[in-house]
Amino acid sequence: YAGNFYEVTIGANWKPNANWNIRPNVRFDWFQGDLTANNTDGDPFDNGNGNSQTLIGFDAIYTF
């Protein structure tokens with residue numbers, strides 16, 4: 001793809017007690033560029049239909 005990819009992620013740490021650390025996050029990716037330059041596949045996200053995507057996730061860490 002002729003252009004630039006960008007991303008931003010935001011998250012938090014939540015400690016409900018001394019042993020658990022819960023970390024939710026949201027990530028947003030987007031593309032800005034010239035899709036006509038050497039590209040026949042369409043946009044880079046959503047199976048060629050979108051120029052951005054949002055991902056939501058979390059992890060949990062248990063310390064013992």
Side-chain angles (χ1 to χ4, degrees):
Y1 294 98
N4 296 307
F5 287 86
Y6 301 97
E7 64 90 11
V8 64
T9 304
I10 187 167
N13 285 323
W14 175 50
K15 295 188 126 202
N17 60 41
N19 297 95
W20 283 102
N21 187 6
I22 312 295
R23 303 184 312 174
N25 64 71
V26 176
R27 176 180 167 138
F28 183 69
D29 299 304
W30 71 96
F31 170 78
Q32 290 180 334
D34 184 10
L35 292 176
T36 61
N38 300 322
N39 180 21
T40 59
D41 296 331
D43 287 331
F45 302 111
D46 191 23
N47 199 24
N49 295 314
N51 66 346
S52 65
Q53 68 180 0
T54 303
L55 300 119
I56 299 171
F58 79 95
D59 63 2
I61 300 169
Y62 183 77
T63 306
F64 55 93

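This structure is a prediction, so every number in the text was calculated from the model and none was measured. Positions are given from 1 along the sequence.
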List the residues meeting side chain to side chain contact (heavy atoms under 4.5 Å, CB included) with D29, not counting sequence neighbours, and say none if there are none. E7, R27, F45, Q53, L55
Mind jotting down which residue pairs meet the side-chain hydrogen bond (donor to acceptor under 3.5 Å, both in side chains) criterion with at least one end in residues 54-64? Sequence neighbours excluded, please. R23-D59
Using every non-hydrogen atom in the two residues, find where P44 and N51 come nearest and quote the distance to one decimal. CD-CA, 4.5 Å
So, for A60 and W20, which heavy atoms are closest and what is the spacing to 0.1 Å? CB-CZ3, 3.8 Å
Residues joined to I56 in its hydrophobic cluster, side chain to side chain under 4.5 Å directly or through other members, sorted by chain and number, are I10, V26
Only counting residues at least two apart or in another chain, list the ones meeting side-chain hydrogen bond (donor to acceptor under 3.5 Å, both in side chains) with S52. none
Of all heavy-atom pairs between N25 and T9, which one has the smallest distance, and what is that distance? CB-CG2, 4.4 Å
Residues in side-chain hydrogen bond (donor to acceptor under 3.5 Å, both in side chains) with N17, at least two apart? none
Could I get the full list of ring-ring contact (aromatic ring centres under 6.0 Å, His included) partners for F58, not counting sequence neighbours? none
Treating Ile, Leu, Val, Met, Phe, Trp and Tyr as nodes and any side-chain heavy-atom pair under 4.5 angstrom as an edge, say whether F64 and I61 lie in one connected cluster. no
Report the distance from atom CH2 of W30 to atom CZ of F5, rounding to the nearest 0.5 Å. 12.5 Å
